[in-house]
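Structure record follows, encoded as structure tokens.
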Amino acid sequence: MALKGKDFLGLYNVSADEINEILTTAEAMKEVFTRTVKKIPTLRGKTIVNLFYETSTRTRSSFDIAAKRLSADVISIAKDSSSVMKGESLIDTARTLEVMGVDVVVVRHSAPGAAEFLARKLKASVLNGGDGAHEHPTQALLDMYTIKERIGFFKGLKVVIVGDIMHSRVARSNIWGLTKLGAEVSVVGPATLIPRNIMDLGVKFYTDLDEALAGADVVMILRIQKERQAMGLFPSIREYRKFYCITEERLEKLKKDVLIMHPGPMNRGIEIESSVADSVNSVITEQVTNGVAIRMALLYLLAGRKKENEIIA
């Protein structure tokens, strides 16, 4: 089968079969990493634009490397160096790029729905690199790929997501993706950082970390943004660390083969202790490597097997 549209905007309406197709394609792409020349001609002649309206190191670099390994021409544009600073709108910037013959626009934006807005206006394919607190589908896919590579299956796995669920696009995309693949997802964090309707997404929620971690196969730790404290959503960094940091002591109580994950960048000593981040259970560096394979897969599926006038979101 193939993806059902010209765009990839999120995991909300994507089927389990489509997710598995992406993961399988990523396996083939990762084989390229073992070659002496880590490059294939698959997207030669195609042009990929990374349009990033938010600061990013990992995601932007990962997309850049992925496109170049597929032999595509790559243009990377950051908000601070674009005509946006002169007042140009998102749609005008994208249309300008499209008339130059762009094939795929990878967009990262602080506004939820920005990627979908572009997709409805442009003939070029649009790939969501993160939109506000809505979705971050490629991060979730690389997380799922890492789990599949290490464990081999999803059905019945107990996955615990720890931290600021309310504002996390990573959490939302992972919840939608993992539940479709049969995993049992739980979320845990301060009550002020858990959406009221979270159970509607088919997950369990806890405010007690140790209770949530019991029997966990995978622990996904979210970065705590310090501005949440300024908003009064939790009393102090010290208190957050006390109740929600994954410490070495907590790790020792978990399964010996539990996977520890983090999308980065990490606040060491706040949401995760350094000894945990660097432990044998940690797959954080593997996540970064797998991010390139996932993004190669999606660029191939969009630019290499493009279908017109359809949206997957």
Side-chain angles (χ1 to χ4, degrees), residues 8 10-12 14-31 33 58-59 62 66 130 135-163 165 168-189 201-206 209 212-223 246 250-251 254-264 266 271-272 276-298 301:
F8 189 81
L11 294 174
Y12 178 70
V14 175
S15 70
D17 285 342
E18 288 167 316
I19 293 172
N20 282 320
E21 179 191 27
I22 296 166
L23 299 182
T24 299
T25 305
E27 290 177 4
M29 295 300 171
K30 194 170 179 180
E31 187 272 331
F33 299 5
R58 288 166 177 78
T59 303
S62 183
E135 279 223 51
H136 195 350
T138 61
Q139 177 66 49
L141 285 165
L142 73 88
D143 292 341
M144 288 183 274
Y145 182 87
T146 304
I147 292 171
K148 181 181 179 182
E149 193 172 53
R150 276 297 194 106
I151 299 177
F153 63 91
F154 295 94
K155 190 171 182 61
L157 279 184
K158 182 172 182 181
V159 180
V160 180
I161 306 176
V162 184
I165 309 300
S168 176
R169 55 191 171 201
V170 173
R172 281 178 176 78
S173 290
N174 265 300
I175 288 169
W176 283 323
L178 286 166
T179 53
K180 287 174 182 178
L181 295 179
E184 298 175 6
V185 181
S186 299
V187 299
V188 57
L201 301 183
V203 304
K204 297 178 181 178
F205 82 93
Y206 301 83
L209 177 59
L213 291 176
D217 298 296
V218 179
V219 179
M220 290 185 176
I221 305 159
L222 302 175
R223 182 171 66 92
I246 304 299
R250 285 191 166 108
L251 177 62
L254 301 180
K255 291 182 177 180
K256 295 298 182 183
D257 57 352
V258 66
L259 297 189
I260 301 296
M261 311 182 78
H262 195 300
M266 294 180 284
E271 69 252 5
I272 184 171
V276 176
D278 301 329
S279 70
V280 295
N281 298 89
S282 173
V283 292
I284 296 170
T285 56
E286 292 175 38
Q287 288 173 265
V288 177
T289 299
N290 291 337
V292 176
I294 282 291
R295 286 154 184 146
M296 287 175 69
L298 284 167
L301 291 170

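Just so it is clear, the structure is predicted and the values come from calculations on it, not from any experiment.
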- Message: Looking at Y206, I want to see if its OH is surrounded by more than 12 non-hydrogen atoms of other residues, nucleotides or ligands under 6.0 Å.
- Response: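 Counting neighbours around OH of Y206, more than 12 heavy atoms of other residues, nucleotides or ligands fall under 6.0 Å, so yes.
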For the atom pair [atom1] ([X]) and [atom2] ([Y]), what is the distance rounded to the nearest 0.5 Å?
| X | Y | atom1 | atom2 | value |
| --- | --- | --- | --- | --- |
| I19 | F154 | CD1 | CZ | 8.5 Å |
| I175 | L201 | CD1 | CG | 5.5 Å |
| M220 | I246 | CE | CD1 | 13.0 Å |
| F153 | I147 | CZ | CD1 | 11.0 Å |
| L254 | K256 | CG | NZ | 9.5 Å |
| Q139 | I294 | CD | CD1 | 10.5 Å |

- In terms of side-chain heavy atoms, does Q287 have a donor or acceptor partner in H262 at a distance below 3.5 Å?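 No, no side-chain donor-acceptor pair sits under 3.5 Å.
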- Task: Mind jotting down which residue pairs meet the salt bridge (Lys or Arg N to Asp or Glu O under 4.0 Å) criterion with at least one end in residues 139-150? Sequence neighbours excluded, please.
- Result: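 Qualifying pairs, neighbours excluded: E27-K148, K30-E149, R150-E286.
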Closer than 3.5 angstrom, by distance alone: can the side chain of [X] be matched with the main-chain N or O of [Y] as a donor-acceptor pair?
| X | Y | answer |
| --- | --- | --- |
| D217 | L157 | no |
| K180 | V14 | yes |
| S282 | D278 | no |

Minimum heavy-atom distance between [X] and [Y], given as atom pair plus value:
| X | Y | result |
| --- | --- | --- |
| G291 | L142 | CA-CD2, 3.6 Å |
| V188 | A212 | CB-CB, 3.8 Å |
| L259 | V283 | CD2-CG1, 4.1 Å |
| K158 | S186 | CE-OG, 4.3 Å |

- Test V218 against every option in T146, I151, V160, L178 by the side-chain contact (heavy atoms from CB on, under 4.5 Å) rule and name the one that passes.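 Answer after filtering T146, I151, V160, L178: I151.
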- Report the residues that fulfil side-chain hydrogen bond (donor to acceptor under 3.5 Å, both in side chains) with R58, sequence neighbours left out, ordered by chain and then residue number.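 Checked R58 against side-chain hydrogen bond (donor to acceptor under 3.5 Å, both in side chains); zero matches.
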- Item | Which residues share a side-chain hydrogen bond (donor to acceptor under 3.5 Å, both in side chains) with T179, sequence neighbours left out |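 Not a single residue meets the side-chain hydrogen bond (donor to acceptor under 3.5 Å, both in side chains) criterion with T179.
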Note, [X] side chain near [Y] side chain (heavy atom, < 4.5 Å):
| X | Y | value |
| --- | --- | --- |
| M144 | L181 | yes |
| I22 | Y145 | no |
| M296 | F33 | yes |
| L222 | I165 | yes |

Taking side-chain contact (heavy atoms from CB on, under 4.5 Å) as the test, write out the residues that go with [X], two or more places apart.
| X | value |
| --- | --- |
| S62 | V292, R295 |
| N281 | L251, V258, I260, S279 |
| A277 | M266, R268, I272, I284 |
| S173 | L11, E135, P137, A140 |

- Residues which pass salt bridge (Lys or Arg N to Asp or Glu O under 4.0 Å) with K204, listed by chain and number, not counting sequence neighbours: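 For K204 there are no salt bridge (Lys or Arg N to Asp or Glu O under 4.0 Å) partners, ignoring immediate neighbours.
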- Message: Evaluate E184 against V203 for side chain to side chain contact (heavy atoms under 4.5 Å, CB included), listing each step before the verdict.
- Response: CA-CA 7 Å; E184 298 175 6; V203 304; over 6 Å; no
